Engineer: 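Got a structure here, written out as structure tokens. Questions coming.
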Amino acid sequence: MSKDIIILGIESSCDDTSAAILKNNKVLSNVIANQDIHTKYGGVVPELASRAHQKNIIPVVNEALLLAKINKSEIDAIAYTKGPGLMGSLLVGGSFAKGFALGINKPLISVNHMQGHILSHFISNNLYKPPTFPFLCLTVSGGHTQIVLVKNYLDMEVIGQTIDDAAGEAFDKSAKVLGLDYPGGPLIDKFSKNGNIHAFKFAKPKIRDLDFSFSGLKTSIMNLINNEKNKNNNFINENLEDLCASIQYSIVNILIEKVKLASLHTGIKNIAIAGGVSANSYLREQLLLLKEFNMYIPKFEYCTDNAAMIAMAGYYKYINKDFGNFNETSTPRLKF
Ligand code: KG4
Ligand code: ZN
């Protein structure tokens, strides 16, 4: 029997500081420190995010080791998010990972955050089965919206992406116009539950092929709300649930139409979703209704940023002996 592989994963690309320990594909611990500081600013403030990472990183790693009941000497490699993300935030996790790897004399593994989101599907769990290759992954987060052709664990190709805002940004910016806190996606999801999806109509983007655009939708939402507010100051309060449901319906429809088109173009019927927006209940529900696809929905806790997915990607890179080096730097616009 082959030896178990213990990976420490470190994630710090945006506003969550996370550390996880995986034994092969099993999560022994996955600790996440969220940063509430950004709520009142309506979005992530990069400088505040880096400072919070700096404060959180050591306690989070210590707790991950403690919960996993793993001694530092048992770790086989340290996997960290190299990019994409906010430079200051990435640097905290990256520098910590390098120092830690040097300290315990173990290899360093650099991970692309978006690949981590996709590979979160392979974390062992008793709810969902992992996708079979090849599959298409709709990767939707606060900073990215992509359709990825996944040929193997580490062989992926972006076949479509947003030309402006990401889907998560569309949720967050709409929420801000509605006066909701950051991150707005989960709140829009919550308020939509009792709303009418057809109450308000917004502009549909006309983007060819597999690319996305959300900026026109954002303008259309802002225009409608501002016009109606001029007539009735209490418009948002009186229509919050219907507004949320209509906005969510518009964003989810854009995503689903492109997934269908991508399947048509490639002939691939195995479809997965990943990233923060894949936590959206309406997106999950609507995709599961599409019986022509084999749908793979990630476990809720691995949708938003977490280090377990980084350690999972680290595990496959470890098997491939695809190690990082200590001279590489964090890369905010890292591509696959
Ligand atoms: O993947 P993630 O945690 O961080 C990035 O890599 O960006 O994604 C965060 C994004 C935010 O825009 C947040 O509003 C969105 O995911 N999000 C949701 C939901 N939960 C998180 N959007 C819609 N519905 C949700 N339930
Ligand atoms: Zn993410």
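Both counts, for ligands and for their atoms, begin at 1 and track the order of listing. This structure is a prediction, so every number in the text was calculated from the model and none was measured.
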Engineer: For a quick check under 3.5 Å, do N306 and S18 share a side-chain donor-acceptor pair by atom type?
Structural biologist: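 No - no donor-acceptor pair under 3.5 Å links their side chains.
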Engineer: In the protein, what heavy atom is nearest to atom 3 (O) of ligand 1, and what distance, to one decimal place, separates them?
Structural biologist: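 Ranked first by proximity to atom 3 (O) of ligand 1 is D305 N, 3.0 Å.
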Engineer: Select the closest option to atom 14 (O) of ligand 1 among D172, I251, I188, judged by heavy-atom distance.
Structural biologist: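 The nearest heavy atom belongs to D172.
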Engineer: Please write down residue, atom name and distance for the protein heavy atom closest to atom 24 (N) of ligand 1.
Structural biologist: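 Sorting protein heavy atoms by distance from atom 24 (N) of ligand 1 puts N280 ND2, 3.0 Å first.
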Engineer: Just jot down the ligand 1 atoms closer than 4.0 angstrom to any heavy atom of H117, in number order.
Structural biologist: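 Counting atoms of ligand 1 from 1, those under 4.0 Å from H117 are 1 (O), 6 (O).
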Engineer: Could an N or O of ligand 1 be found under 3.5 Å from any N or O of D16, whether backbone or side chain?
Structural biologist: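 In this structure, D16 places no N or O atom under 3.5 Å from an N or O of ligand 1.
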Engineer: Hey, mind stepping through H144 and T139 against side-chain contact (heavy atoms from CB on, under 4.5 Å) and telling me if it holds?
Structural biologist: CA-CA 7 Å; H144 292 81; T139 314; 5.8 Å; no
Engineer: Closest N/O/S atom of D305 to the Zn ion (ligand 2), by atom name?
Structural biologist: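 Sorting the N, O and S atoms of D305 by distance to the Zn ion (ligand 2) puts OD1 first.
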Engineer: Any idea which protein heavy atom is nearest atom 9 (C) of ligand 1, and the distance to it?
Structural biologist: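 The closest one turns out to be G142 N, 3.7 Å.
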Engineer: Verify salt bridge (charged side-chain N to carboxylate O under 4.0 Å, His left out) between K3 and D76, making sure each step is shown before the conclusion.
Structural biologist: CA-CA 11 Å; K3 175 192 171 297; D76 291 297; 2.8 Å; yes
Engineer: Within a distance under 4.0 Å of any heavy atom of P183, pick out the atoms of ligand 1 and give their elements.
Structural biologist: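 Checking each atom against P183, I get 14 (O).
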Engineer: Is there a side-chain contact between K55 and R51 (heavy atoms, below 4.5 Å)?
Structural biologist: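 The answer is no, as the side chains (C-beta and beyond) never meet within the 4.5 Å cut-off.
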Engineer: Which of the atoms in ligand 1, numbered in the order shown and given with their element, are less than 4.0 Å from a heavy-atom of G143?
Structural biologist: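 So the answer, numbered in order with elements, is 7 (O).
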Engineer: What class does the angle between the rings of F212 and F214 fall in, given that below 30° is parallel, 30 to 60° is tilted and above 60° is perpendicular?
Structural biologist: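 F212 and F214: parallel rings.
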Engineer: Is it the case that ligand 1 has an N or O less than 3.5 angstrom from some N or O of G168?
Structural biologist: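 Right, the criterion is met.
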Engineer: As an exercise, identify every atom of ligand 1 less than 4.0 angstrom from a heavy atom of A279.
Structural biologist: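 Every atom of ligand 1 under 4.0 Å from some heavy atom of A279: 20 (N), 26 (N).
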Engineer: Is the closest side-chain donor-acceptor distance between D209 and H265 under 3.5 Å?
Structural biologist: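 Side chains of D209 and H265: no pair found under 3.5 Å.
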Engineer: Closer than 2.8 Å to the Zn ion (ligand 2): does that hold for any N, O or S atom in H113?
Structural biologist: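 True for H113.
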Engineer: Does the plane of the ring in F135 sit parallel, tilted or perpendicular to the ring in Y296? Use 30° and 60° as the thresholds.
Structural biologist: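 Tilted.
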Engineer: Do any nitrogen or oxygen atoms of F171 come within less than 3.5 Å of a nitrogen or oxygen of ligand 1?
Structural biologist: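 By distance alone, the answer is no.
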Engineer: Please work out whether the ring planes of Y153 and Y316 are parallel, tilted or perpendicular, with thresholds of 30° and 60°.
Structural biologist: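 The arrangement is parallel - the two ring planes meet at less than 30°.
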Engineer: Considering only heavy atoms of H113, which atoms of ligand 1 have at least one such atom less than 4.0 Å away?
Structural biologist: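 Under 4.0 Å from H113, ligand 1 has these atoms: 6 (O).
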Engineer: Write down the atom of S192, the atom of Q248, and the distance for their closest heavy-atom approach.
Structural biologist: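 Looking at all heavy atoms of both residues, the shortest contact is CB-NE2, 3.4 Å.
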Engineer: State whether the shortest distance between N or O atoms of D189 and N or O atoms of ligand 1 falls below 3.5 angstrom.
Structural biologist: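 There is such a contact, yes.
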Engineer: Atom 8 (O) of ligand 1: which protein heavy atom is closest, and how many Å away?
Structural biologist: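 Result: G276 CA, 3.3 Å.
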Engineer: Any side-chain donor paired with an acceptor under 3.5 Å for D242 and N239?
Structural biologist: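 Result is no, nothing qualifies.
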Engineer: Any nitrogen or oxygen of T304 lying under 3.5 Å from a nitrogen or oxygen in ligand 1? Just yes or no.
Structural biologist: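 Between T304 and ligand 1, no N or O pair is found under 3.5 Å apart.
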Engineer: Provide, to 0.1 Å, the distance between atom 22 (N) of ligand 1 and the closest protein heavy atom, together with that atom's residue and name.
Structural biologist: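 Its nearest protein heavy-atom neighbour is G185 CA, 3.4 Å.
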Engineer: Kindly confirm whether the Zn ion (ligand 2) is within less than 2.8 Å of some N/O/S atom in C14?
Structural biologist: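 Here the distance criterion (N, O or S atom, under 2.8 Å) is not met by C14, so no.
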Engineer: Check S278 against I273 and note the closest heavy-atom contact, atom names and distance.
Structural biologist: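 The pair with the smallest heavy-atom distance is CB-CD1, 3.6 Å.
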Engineer: Are L243 and I254 joined in one hydrophobic group, where the rule is that I, L, V, M, F, W and Y side chains link up if heavy atoms are under 4.5 Å apart?
Structural biologist: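 Same cluster: L243 reaches I254 through Ile, Leu, Val, Met, Phe, Trp or Tyr contacts under 4.5 Å.
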